[in-house]
Amino acid sequence: MPELPEVETIVKGLKKVLKGKVINSLECYYPGTIIYDTDIEATPFPAKVLELCRRGKYIIITLETDNAIIIHLRMTGKLVFDVLPSEPLQYERARIILHNSEVLHFIDIRTFGKIIICKQQNEEQYLPILGIEPFSKNFNANHLKAILKGKEASIKTVLLNQSIIAGLGNIYTCEILYRAGINPLMPAGKLSHKEIVEIVQQTLAVLSEAISLGGTSISDYRNIDDKTGSFQDFLKVYQKQFCPLGHKIERIKQSGRSTFFCPICQKNKS
DNA sequence: CAATGATCCTGTCCGC
DNA sequence: TGCGGACAGGATCATT
């Protein structure tokens, strides 16, 4: 479900309610949702929250105790901040309980999401290799050109690959390629300099707009106040019948995922 | 190596 | 109304 703008929105919200607060306990209601690092002490709580950040689609919560909590929401996970009810809610897989009966519900219909608690020094082993952050200063045309060089996979597949660029998912890759006017089937290594410049610019534009609108809520995504984002109102191709110019949108499969694109506006062919 | 497919789950939607 | 199949913001692992 959530891609970079949604995770970024969630982290912003979490900072307001978690930073400096004390976590009293974690509760797990679905086996496997919470993963404990083998180096974690028997009673890691209470522990004060030092800092929160996003890396790709991962949420990382740094605790004062040299431990960290890593959260990945996968497809349907959401975090909802509330005051403590006693019974688990529907689809609530885990819960982070704070000091003054405040609670963060981890709600996840499809149960793919995970909460990991580990030693900060072990963080790396719980995170996959993640590529460049779109908002880092290295994310520019020359650098991207070097990354894409020689790649025969389609540009859509490459943009989705978290080990190459961290944070893009199916919605935003479709939207970026539409705005850049690039056919998603185009081999990544064959793009011109101008096309790569366009991808960089449109990636930053789309992600920034989406963040400023609180993300995209197609079905499950909500921020920590359980409110929807509004970027779905500005999608141009994802799950659309027609592009803004009235052309028929085509839907194909790439790496097992649906790609939506306009064959007229995104003309450069493989 | 890179590229595909199955898999982890539950819910929704569409066609028959 | 009911049922089967396809599909869903993701990522991993096995296979080819």
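Order of the sequence lines fixes the chain letters, A, B, ..., with proteins taken first and strands second; residue numbering starts at 1 for each chain.
In this entry the distance linking CG of A/L160 with P of C/dT12 reads 13 Å, nearest Å. With rounding to whole Å, A/E92 atom CD is found 16 Å from B/dT10 atom P. When the P atom of C/dA11 is taken as reference, atom NZ of A/K114 falls 13 Å away, rounded to whole Å. What separates CG of A/L148 from P of B/dA2 is a distance of 14 Å, to the nearest Å. One atom, CG of A/D108, and another, P of B/dT10, lie 11 Å apart when rounded to the nearest Å. Here the C1' atom of nucleotide C/dC7 and the CZ atom of A/R251 are 7 Å apart, to the nearest Å. Between the CD1 atom of A/I116 and the C1' atom of C/dT12 there is a distance of 13 Å, given to the nearest Å. Per the geometry, CD belonging to A/Q254 stands 9 Å off P belonging to B/dT4, to the nearest Å.
A side-chain donor from one of A/E41 and A/N67 sits under 3.5 Å from a side-chain acceptor of the other. For the residue pair A/Y29/A/E27, the side-chain donor-acceptor check at 3.5 Å is satisfied. A/N138 and A/S136 are not linked by any side-chain donor-acceptor pair at a separation below 3.5 angstrom, with hydrogens and angles left out of the test. A donor-acceptor pair shorter than 3.5 Å can be found between the side chains of A/H193 and A/K145.
Figure legend: cation-pi geometry between A/K78 and A/F106 absent, as NZ or CZ is not positioned both under 6.0 Å from the six-membered ring centre and within 45° of its axis.
If you check B/dC8, B/dT10, C/dA8 against the side chain of A/R93, the one that comes closest is B/dT10. Residue A/I109 places its side chain closer to B/dG11 than to any other of C/dA11, B/dG11, B/dA3. Relative to the side chain of A/P128, the nucleotides C/dT12, B/dG11, B/dC9 differ in distance, and C/dT12 lies closest. When distances run from any side-chain atom of A/A153 to the nucleotides C/dA11, C/dC7, B/dA3, the shortest one goes to B/dA3. Distance from the side chain of A/K57 is smallest to C/dA11 among B/dG11, B/dT10, C/dA11. Distance from the side chain of A/R74 is smallest for C/dT12 among the nucleotides C/dT12, B/dG11, B/dC9.
Every side-chain contact (heavy atoms from CB on, under 4.5 Å) that A/T157 has, sequence neighbours left out, goes to A/S154, A/Q254, A/S255.
Between A/Y91 and B/dC9, a side-chain N or O to OP1/OP2 separation shorter than 4.0 Å is absent. Taking only side-chain nitrogens and oxygens, A/K253 comes nearer than 4.0 Å to OP1 or OP2 of C/dA8. Of the side-chain N and O atoms in A/T157, none sit less than 4.0 angstrom from OP1 or OP2 of B/dA3.
A/G169 comes within 4.0 angstrom of sugar-phosphate atoms only, judged by non-hydrogen atoms across all strands, and of no base. A/S219 comes within contact range of at least one nucleobase, with a heavy-atom separation under 4.0 Å.
Nucleotides B/dC9 and C/dG2, compared at atom C1', are 23 Å apart to the nearest Å. For the P atom pair drawn from C/dA6 and B/dA6, the interatomic distance equals 11 Å after rounding to whole Å.
The aromatic ring of A/F112 stacks onto the base of B/dC8, its centre lying under 5.5 Å from the centre of the six-membered base ring with the two planes under 30° apart.
Put simply, CG on A/D108 and OG1 on A/T76 are 4.0 Å apart, with the number rounded to the nearest 0.5 Å.
Enclosure of atom NZ in A/K119 by more than 12 non-hydrogen atoms of other residues, nucleotides or ligands within 6.0 angstrom is indicated.
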Which string of ( ) [ ] | and . matches DNA chain B, if you list each base 5' to 3' and count Watson-Crick or G-U pairs only when both distances are under 3.5 Å?
.|||||||.|||||||
